[in-house]
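In what follows, chains are A, B, ... by sequence order, proteins preceding strands, each numbered from 1. Note: hydrogens, waters and symmetry copies are ignored here, and every other heavy atom, side chains too, is used. Source: prediction; values computed, not measured.
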Amino acid sequence: MLDIKLIRERPDFVRQRLAARGAGDEAHIDEVLASDELRRKLLAEVEALKAQRKRVSKEIGALMGQKKFEEAEAKKKETGDLGDRIADLDKQAAEAESARNQLMLRLPNLPHDSVPPGTSAADNPVVRVHGEQPSFAFKPKSHVDLCESLKLVDFARAAKLSGSGFVLYTNWGARIERALIQFMLDLHTREHGYTEVSPPYMVGPQCLEGVGQFPKFADQYYAVQEGLDAGTLGKLYLIPTAETPVANIHREEILKESELPIHYCAYTPCFRGEAGAAGVGTRGIIRVHQFDKVELIRIVRPEDGYAAQEQMLANAERVLQLLGLHYRVVLLCTGDMGFASAKTYDIEVWAPGQGSYLEVSSVSNCEDFQARRMNLRYKSESGENRFPHLLNGSGTALARLFVALVETYQQADGSLAVPANLQPYLKAERIQA
RNA sequence: GGAGAGAUGGCUGAGCGGUUUAAAGCACACGCCUGGAAAGCGUGAGUGGGCUUAUACCCCACCAUGGGUUCGAAUCCCAUUCUCUCCGCCA
């Protein structure tokens, strides 16, 4: 959520930054300002009436205490219709506030100054490239074929269980998945200073609203219903990312400045409806309804936000470096950034069988956008309550990492070499059919 | 799912229609006292919003949440949520 004071005081600046996203959100600023002004006008009116009611009620109390009942009755008549007028104005003010907030919840974050202008992924500058595309003496196969031949994934039976877009990892496939999760959690907790948490995989809608997934993108996620009780539908949602529960851990709290920075990492499965995405990259496990991910979250002081983002990016890159994978880092342009983010880097890993880069990590600084939505604050040394910066980054997403790993380490004989840093976890140097 | 108890500021905890402007204690900040500290004494201090150049005044709201009764609700009524104890079911 943007700061209403900023919108009031610098509406042109806000419009200009929203326009940079190219989604037309700047058109709503006038509506926000109108409902905000109406709300304040109504508040001034109703609060004056409440002050009056309070004063008279106190006088009535005093008269009752002195047993002057007749005078008290007279006073009661005086305030007779005050209650109704207050109730009416209260309702109007609440409606104006609600209208303003509904609009505000649908406004995305303002892009940071350092974000390049652009309209699509084609405009994202490459920040750096790590390593080189591996060369093969043979034509590298797709992970789909490798998973079939090495029996890492059973696509047909996954579809039998859950329909398309789901993965049944089998035998070494399941063990690789687990090894990767364990490897990443160990790296981030032991070497990068994150505290591991294991959150619920279902959360209430306020958590999705807190990080900016609701209300605008409510059609993207799985709502849960308990048994056959339709009344429970929408009380809980399957998490689309660990960011949803973990970033919300301290919602509505006032932290001490000395508690910052907070670093969390979490493994969770992620569930995404991907409405409207049918047919797009659906072959294999590149785009699926359920995938695993190790997520990094930081809660930091505003002045530390952008330095923390660079560190998080480095933390995520380290995963790919240790696995010996070729990747590049891109900086998302204004038109390609997510709703809540002020600045986002993507890490794209090379998948030789696909002949393309796959997004495995997205590292965002949401500044105070999410903190405002979830009312998360910290008390500064000087005693004022401030909104911290919230950062999230994948460290990294599985499925696509699995694809890159399998396609990169495939051998001429159809077997799979295990990268050195994964061998202690898999207790194997090579996997064959 | 059944029965009972409960939810008050950072924490503990009183208040159960109108001198409550939410007592008191702990913790916190500042001051006095002291050689320094402790103790003692004094003062201050919650959150959000409105008005405002203002972090100054003043005003409004907030005692789990949402409704209701009343001139007036932390207090009475209803619903909901959550916590605890016991029973049932259960990995």
Side-chain angles (χ1 to χ4, degrees), chain A residues 1-10 32-101 104-105 198 200-207 209-210 224-237 245 248-260 368 371-388:
Chain A
M1 187 132 71
L2 301 176
D3 184 356
I4 185 63
K5 285 182 187 148
L6 181 69
I7 298 177
R8 262 182 222 155
E9 287 159 19
R10 301 176 62 197
V32 171
L33 287 171
S35 55
D36 181 53
E37 203 167 314
L38 176 62
R39 166 179 172 273
R40 288 193 287 163
K41 177 178 152 283
L42 290 165
L43 270 186
E45 217 172 313
V46 72
E47 286 184 0
L49 293 179
K50 282 183 180 175
Q52 188 188 340
R53 177 178 70 183
K54 205 168 176 178
R55 198 173 55 240
V56 175
S57 289
K58 226 167 254 182
E59 289 168 12
I60 293 173
L63 290 170
M64 301 284 273
Q66 297 162 27
K67 305 215 186 293
K68 296 178 179 171
F69 300 116
E70 277 179 27
E71 285 180 49
E73 285 304 319
K75 288 273 183 195
K76 281 190 192 180
K77 286 199 180 104
E78 190 183 314
T79 54
D81 67 329
L82 263 185
D84 291 340
R85 289 165 64 199
I86 287 171
D88 182 48
L89 285 171
D90 254 343
K91 198 173 154 224
Q92 289 184 48
E95 279 166 5
E97 179 168 326
S98 163
R100 185 194 72 176
N101 291 345
M104 298 265 291
L105 283 172
S198 180
Y201 299 163
M202 293 190 275
V203 294
Q206 73 281 5
C207 291
E209 185 178 292
V224 172
Q225 172 175 303
E226 190 177 333
L228 299 176
D229 182 357
T232 62
L233 181 64
K235 294 254 172 81
L236 290 172
Y237 291 81
N248 276 288
I249 287 175
H250 298 288
R251 75 189 332 270
E252 291 156 47
E253 293 183 21
I254 301 177
L255 302 167
K256 295 186 184 119
E257 182 164 357
S258 59
E259 293 176 86
L260 301 182
D368 60 9
R372 285 178 190 282
R373 286 177 161 246
M374 59 180 74
N375 201 21
L376 163 62
R377 291 162 297 171
Y378 73 96
K379 195 173 279 295
S380 70
E381 301 291 357
S382 59
E384 70 178 314
N385 292 333
R386 303 167 71 193
F387 293 106

Using only side-chain N and O atoms of A:R40, determine if any of them is under 4.0 Å from OP1 or OP2 of B:C51.
yes
Find the distance A:D90:CG to B:G68:C1' and express it as a whole number of Å.
15 Å
Note: A:R8-A:D3 ion pair, threshold 4.0 Å (strictly below):
no
Does A:R39 put a side-chain nitrogen or oxygen below 4.0 Å from OP1 or OP2 of B:G50?
yes
Within the pair A:K379 and B:U47, is there a side-chain N or O less than 4.0 Å away from OP1 or OP2?
yes
Grab the CD-P distance between A:Q206 and B:C82 for me, whole Å please.
11 Å
With the side chain of A:K50 defined as its heavy atoms from C-beta on, choose the nearest nucleotide among B:G49, B:G18, B:A61.
B:A61
Between A:R85 and B:C71, does any side-chain N or O lie under 4.0 Å from OP1 or OP2?
no
Could you work out the separation of B:U69 and B:C77 based on their C1' atoms and round it to a whole Å?
7 Å
Phosphate oxygens OP1/OP2 of B:G48: is one of them under 4.0 Å from a side-chain N or O of A:R377?
yes
Tell me if a side-chain donor or acceptor on A:R386 pairs with a main-chain N or O of A:E257 at a distance below 3.5 Å.
no
Under 4.0 angstrom, heavy atoms only, what part of the nucleic acid is A:L43 near: base, sugar-phosphate, or nothing?
sugar-phosphate
Once you round it to whole Å, what is the distance between P of B:C59 and CZ of A:R53?
16 Å
Whole angstroms only, please: what is the NZ-C1' distance between A:K91 and B:A61?
20 Å
Lys/Arg N to Asp/Glu carboxylate O, A:K76 vs A:E73, below 4.0 Å
yes
Tell me what A:R100 touches on the nucleic acid: a base, only sugar-phosphate, or nothing, going by heavy atoms under 4.0 Å.
nothing
Nearest to side-chain heavy atoms of A:N385, which nucleotide of B:U47, B:C59, B:C71
B:U47
With a 3.5 Å distance limit and no angle check, can you tell me whether A:R373 reaches the backbone of A:E209 through a side-chain donor-acceptor pair?
yes
Given B:C59, B:G50, B:C71, the nucleotide with the shortest approach to the side chain of A:A51
B:C59
Go through B:G72, B:C60, B:G50 for me and flag the one nearest to the A:K54 side chain.
B:C60
